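A quick write-up on the structure given underneath.
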2 protein chains.
Amino acid sequence: MASQAATVVIAARCSDPVVDDVVVDDTVSSNRLVETGPVPHRRGTDVRTRELTDVTQQPDPRAVRVSASTRDIPQATVARLAGYLRVLGTLVEEGVQIVSSEGLAGAAGVGSAKLRKDLSFLGPNGVRGVGYDVSRLSARIEEVLGLDRGHRVILIGVGNLGRALVGYPGFARRGFAIVGLFDDDPAVSGTALDGLVVRDVVTLTVACAELAPTIAVLAVPDDAAQQVCDRLVAAGLRCILSFSGVALDAPAHVEIRRVDLAVELQLLSFFEMRRAEIETGSVVREESVVR
Amino acid sequence: MASQAATVVIAARCSDPVVDDVVVDDTVSSNRLVETGPVPHRRGTDVRTRELTDVTQQPDPRAVRVSASTRDIPQATVARLAGYLRVLGTLVEEGVQIVSSEGLAGAAGVGSAKLRKDLSFLGPNGVRGVGYDVSRLSARIEEVLGLDRGHRVILIGVGNLGRALVGYPGFARRGFAIVGLFDDDPAVSGTALDGLVVRDVVTLTVACAELAPTIAVLAVPDDAAQQVCDRLVAAGLRCILSFSGVALDAPAHVEIRRVDLAVELQLLSFFEMRRAEIETGSVVREESVVR
DNA sequence: TAGATTGTTAATCGATTAACAATC
DNA sequence: TAGATTGTTAATCGATTAACAATC
């Protein structure tokens with residue numbers, strides 16, 4: 001028993017000046033901890049995690065996975081984890097078992113330093129001199145993102161975009177199950193789509209109690225978006241993905257992600273313009289006067 | 001003539017230690033400049049813009065609009081400009097002529113300080129003590145984003161998503177004209193959609209020469225995305241908006257924006273999980289050992 | 001003038017990056 | 001052991017924010 005892995009990760013907020021009251025489960029591991037000891041890489045103030053590992057053994061697959069609180073994972077990192085996961089998925093398909101940070105980063109389109117930093121927030125996941133175990137890392141990212149919980153998704157607005165979303169293969173592939181469809185058009189509600197009967201949006205509150213969704217996807221026209229959002233919030237939804245152009249108003253405990261096609265197009269327009277500027281060699285410093 | 005506005009904006013990169021060689025068109029404005037003079041707000045090293053304005057008159061609408069180079073506008077700011085523009089559009093519809101930073105920021109869902117900072121990168125656009133002229137500011141943002149140029153858009157992949165995009169009202173409303181549709185499915189190419197005949201994707205290169213698109217929208221399956229992207233690049237496209245899940249490889253001069261539904265869903269999943277953690281009061285610091 | 005609001009500053013915060021010690 | 005690669009550090013870079021002088 002004493003030969004098993006003993007891993008303790010202490011997480012502190014980046015902004016904390018110091019980790020002031022570290023508590024270690026000494027009934028089990030004090031002997032080991034003394035043996036291997038915490039050896040700081042260099043003296044520094046940004047001590048975020050310390051790993052104390054029994055050197056006689058590799059991580060035990062049966063061990064309860066220990067992690068820093070997800071609250072300490074930067075938003076920018078979380079946004080990239082999904083990308084790493086997709087690459088890891090293709091590697092699994094190809095039968096690749098080990099991948100280096102260089103390899104994974106290249107396939108995901110980021111620098112290897114950034115990748116390693118990102119993964120370090122999930123705790124130690126690789127083996128120095130070797131690389132990352134593809135399926136283990138994949139499982140770890142899924143766990144951190146909460147993808148192993150099987151989200152239930154409802155979709156409000158079964159127009160062109162809504163139908164396209166229902167047909168989107170990435171939903172099921174990632175463990176997101178569409179469990180309810182809603183629309184306010186009497187011509188649409190009552191019809192079946194993808195094995196589900198579209199419900200009238202007025203039944204939203206009641207249906208939510210029945211369907212217990214964790215995520216709502218909003219694909220309604222802009223002028224209906226806020227109203228539907230309010231109903232979702234009232235029904236207890238806390239995660240909303242909106243495709244409407246308007247900024248939705250909701251309590252702080254409701255997380256809203258917005259995908260705005262217009263914004264994307266306008267960003268491209270800006271880049272195109274800037275490129276034209278660069279090409280014509282204009283305005284590094286622009287001075288112009290009219291009289 | 002000398003009574004007209006004389007505005008000179010000198011832009012320097014944020015990272016420049018100092019603006020070392022400011023040149024002023026003294027044939028026109030030296031007398032005015034001496035009069036009003038550059039009066040630094042406070043002595044500081046981050047002198048980004050200096051405005052020298054004839055105090056006798058308000059900005060002349062006929063004046064060539066002078067701006068800092070768009071290269072100096074932070075990416076984060078550009079991404080928000082589109083949001084401001086949308087709000088300004090609704091204000092125009094409502095007949096509102098003047099809006100304060102507080103009002104505009106509130107409607108756009110950002111803080112007023114951030115809004116003012118964002119707008120400051122576009123040069124002076126408001127009147128102190130009054131606010132911003134809605135239509136003037138609107139026009140200015142459109143100009144900076146290059147929306148006044150009338151982009152020509154081609155769409156590759158006329159599946160569910162592609163059809164939804166064709167029907168998206170925001171395209172035309174923002175001056176983006178869809179000028180070509182492409183698909184590789186013989187059953188689809190040749191059919192008409194929204195007044196356009198879908199072309200076979202093999203004709204892409206030839207058709208690009210004819211259609212002169214500035215933006216391509218990619219709505220093809222993941223495994224076809226890179227190949228189509230290569231063709232687009234070969235055809236001279238420099239702005240691509242992709243809805244595929246894969247990170248596309250392209251030369252540095254090609255700007256690629258990717259909208260990844262899976263990423264958005266997974267981000268929501270993460271937030272949901274984190275919220276569950278907070279509610280159960282778990283793991284501010286997690287310590288767990290297995291033996 | 002007095003009140004209001006912009007545009008700018010500077011402090012802070014968060015993300016990126018290269019380098020390298022730790023370690024397999 | 002020697003070579004390889006992770007995980008961590010610290011410097012840098014970029015974005016956010018509150019406060020306030022400038023100015024209408």
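Here the structure is a predicted model, which means the values were calculated and not measured. As a basis for the values below, the full set of heavy atoms in this structure was taken, side chains included, without hydrogen atoms, waters or symmetry mates. Residue numbers start from 1 in every chain, and the chains themselves are labelled A, B, ... in the order their sequence lines are given, proteins ahead of strands.
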Could you state the [atom1]-[atom2] distance from [X] to [N], rounded to the nearest angstrom?
{"X": "B/Gln75", "N": "D/dA15", "atom1": "CD", "atom2": "P", "value": "8 Å"}
{"X": "A/Phe121", "N": "D/dT8", "atom1": "CZ", "atom2": "C1'", "value": "10 Å"}
{"X": "B/Arg116", "N": "C/dT9", "atom1": "CZ", "atom2": "P", "value": "14 Å"}
{"X": "B/Asp118", "N": "D/dT17", "atom1": "CG", "atom2": "P", "value": "11 Å"}
{"X": "A/Leu122", "N": "D/dT8", "atom1": "CG", "atom2": "P", "value": "11 Å"}
{"X": "A/Arg80", "N": "C/dT17", "atom1": "CZ", "atom2": "C1'", "value": "12 Å"}
{"X": "A/Tyr132", "N": "D/dT5", "atom1": "OH", "atom2": "P", "value": "12 Å"}
{"X": "B/Ile73", "N": "D/dG14", "atom1": "CD1", "atom2": "C1'", "value": "15 Å"}

Can you tell which of D/dC24, D/dT16, D/dT8 lies closest to the side chain of A/Ser120?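 Between D/dC24, D/dT16, D/dT8, the one nearest the side chain of A/Ser120 would be D/dT8.
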Just to be sure I follow the notation: if a pair is Watson-Crick (purine N1 to pyrimidine N3 plus N6-O4 or O6-N4) or a G-U wobble (N1-O2 and O6-N3), each under 3.5 Å, what dot-bracket string does DNA chain D give, with | for pairs to another strand? ..||||||||||||||||||||||
Might you work through the salt bridge (charged side-chain N to carboxylate O under 4.0 Å, His left out) test for B/Arg238 and A/Glu272, ending with a clear yes or no? CA-CA 7 Å; B/Arg238 295 180 305 184; A/Glu272 167 67 18; 3.0 Å; yes
side-chain contact (heavy atoms from CB on, under 4.5 Å) with B/Asp260: which residues, sequence neighbours excluded?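 Partners of B/Asp260 by the side-chain contact (heavy atoms from CB on, under 4.5 Å) criterion, ordered by chain and then number, come out as A/Tyr168, B/Arg258, B/Ala262, B/Val263.
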DNA chain D contacts made by residues 89-115 of chain B, counting heavy atoms under 4.0 Å: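 DNA chain D contact set from residues 89-115 of chain B: B/Ala113, B/Lys114.
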So, the side chain of [X] versus the backbone of [Y]: is there a donor-acceptor pair under 3.5 Å, distance only?
{"X": "B/Ser269", "Y": "A/Gly146", "answer": "yes"}
{"X": "A/Arg80", "Y": "A/Asp118", "answer": "no"}
{"X": "A/Arg140", "Y": "A/Leu122", "answer": "yes"}
{"X": "B/Arg174", "Y": "A/Gln266", "answer": "no"}
{"X": "A/Ser101", "Y": "A/Ser112", "answer": "no"}

With side chains defined as the heavy atoms from C-beta onward, is the minimum distance between B/Phe121 and B/Asp72 less than 4.5 Å?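 Counting from C-beta outward, B/Phe121 and B/Asp72 never come under 4.5 Å.
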Please tell me whether B/Asp133 and B/Ser135 have a donor and an acceptor in their side chains that are separated by less than 3.5 angstrom.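 There is such a pair between these side chains.
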Mark yes or no for a side-chain to base donor-acceptor pair under 3.5 Å between A/Arg128 and D/dG7, with no hydrogen or angle criteria applied. no
